[in-house]
Amino acid sequence: MIQFGIIARNFSSSSAVQSAIKNVTVIGGGLMGSGIAQVSAQAGQNVTLVDVSSDVLAKAQKSIGTNLGRVAKKVYKDNPAEGEKFVAESLGRIKTLTDPAEAAKSADLVVEAIVENMEVKHKLFKQLDGVAPSHTIFASNTSSLSINEIASVVNRKDKFGGLHFFNPVPVMKLLEVVRGAETNDATYQAMMSWGKSVGKTCITCKDTPGFVVNRLLVPYICEAIRLFERGDASARDIDIAMKLGAGYPMGPLELADYVGLDTNKFILDGWHKKYPDQPLFNPIPLLDKLVSEGKLGVKSGEGFYKYDKK
Ligand SMILES: C[C@H](O)CC(=O)SCCNC(=O)CCNC(=O)[C@H](O)C(C)(C)COP(=O)(O)OP(=O)(O)OC[C@H]1O[C@@H](n2cnc3c(N)ncnc32)[C@H](O)[C@@H]1OP(=O)(O)O
Ligand SMILES: NC(=O)c1ccc[n+]([C@@H]2O[C@H](COP(=O)([O-])OP(=O)(O)OC[C@H]3O[C@@H](n4cnc5c(N)ncnc54)[C@H](O)[C@@H]3O)[C@@H](O)[C@H]2O)c1
């Protein structure tokens, strides 16, 4: 029910926050990009969703339609015709393209949600910097990479920041707004208002590893894996403990499976390489083993638990 509140706020005219940003280009049509496109379109913005794969774009449009339907069913439960109109209009605001450069030409804001790889992100932003209008703000949804390092390849460093959403995007209420070393006040303010306009509660973060949430969440998940690895408690009991004893919606091992064990490992390895003296970032043999066996969590059908393959 709490989730419902925030979804409704996305497009309720009485509480909607206005943003000067009207045209948003979301690059990467996977799990996060499709969610970011959805909440933007729900909030009345013109969205261009870009992916290198047209199959991914078709899948994204389908899942956005399904998720908008979920929203409509709840918000317009007494007025199904209005609900259908809401879904059709929101979907109508999303166009899809496979060429990021073309999509950036008309953007006020570009939100990048592509693969978590510095080189690939650099290549993309370098290309976009040459074609996007000078007023266009660039933002990355990176989970664990440095915003300053991503921004290092563009000229518009003052118009570059982080917009870190959480999975599932339509449900999770937080947006971390990351100020890089050179992000100027106007860009920061524009990112904050845009975040509010898409229904999120925004917090301000510095460009430190994991910002706020992942800096706390990743070591917490890792400690749970280590606890399980030592044989101190079963996976089920660890998860029950944190749900019933600490009020978390998911236990840490369920959450690790949900986020993806490969993603957890990628973040940990990256931080370990950069900060070898921080014991919280040390590699975890059990995590390495599960990933090497292809046990990546929900998406692969098995991690700490078994799942029906999607
Ligand atoms: C690693 C990265 O950088 C950062 C991250 O993203 S870290 C991960 C952050 N995410 C979390 O911590 C998630 C923790 N888990 C949760 O909050 C909840 O378990 C959950 C929201 C995922 C699911 O909630 P749960 O009550 O178990 O399931 P369910 O009843 O199916 O869903 C609750 C609501 O969310 C909606 N929902 C669930 N999954 C959804 C999805 N993928 N898309 C859209 N809506 C969804 C449901 O429709 C339902 O809406 P309602 O309450 O209005 O009816
Ligand atoms: N999954 C999460 O829980 C989560 C949460 C917050 C932030 N993030 C971050 O968001 C980003 C995306 O994560 P995701 O889980 O959505 O990944 P994903 O694999 O679901 O989607 C990434 C998409 O980007 C596309 N892509 C790759 N290179 C591209 C390019 N050059 N141009 C256009 N499209 C390209 C891929 O085809 C793929 O569809 C990553 O930086 C990740 O760290 C992920």
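In this text the structure is predicted, and so the values were computed from the model without any measurement. Just so you know, ligand 1 is whichever comes first in the structure, and atom 1 is the first atom listed for that ligand.
Rounding to the nearest 0.5 angstrom, the gap separating the OG atom in Ser90 from the NZ atom in Lys85 is 10.5 Å.
Using a 4.0 angstrom heavy-atom cutoff, Tyr258 counts as in contact with ligand 1. Heavy-atom distances between Met32 and ligand 1 stay at or above 4.0 Å for every pair.
The backbone and the side chain of Asn167 each have at least one atom closer than 4.0 Å to an atom of ligand 1 (non-hydrogen atoms only). Neither the backbone nor the side chain of Val213 has a heavy atom within less than 4.0 Å of ligand 1. At a heavy-atom distance under 4.0 Å, atoms from both the backbone and the side chain of Ser143 approach ligand 1. For Thr263, no heavy-atom contact with ligand 1 is shorter than 4.0 Å.
Those atoms of ligand 2 that come under 4.0 Å of a heavy atom in His164, given as number and element, are 6 (C), 7 (C).
In the hydrophobic clustering (ILVMFWY side chains linked at under 4.5 Å, chained through shared members), Ile240 is joined by Leu244.
In this structure, atom 43 (O) of ligand 2 has a protein heavy-atom contact shorter than 4.0 Å. Protein heavy atoms are absent from the space less than 4.0 angstrom from atom 19 (O) of ligand 2.
Counting only non-hydrogen atoms, the option in Lys243, Glu176, Lys74 that gets closest to atom 49 (C) of ligand 1 is Lys74. For atom 26 (N) of ligand 2, the choice among Thr98, Ile114, Leu57 with the nearest heavy atom turns out to be Ile114.
Looking at residues two or more places apart in sequence or on another chain, you find no salt bridge (Lys or Arg N to Asp or Glu O under 4.0 Å) involving Lys59.
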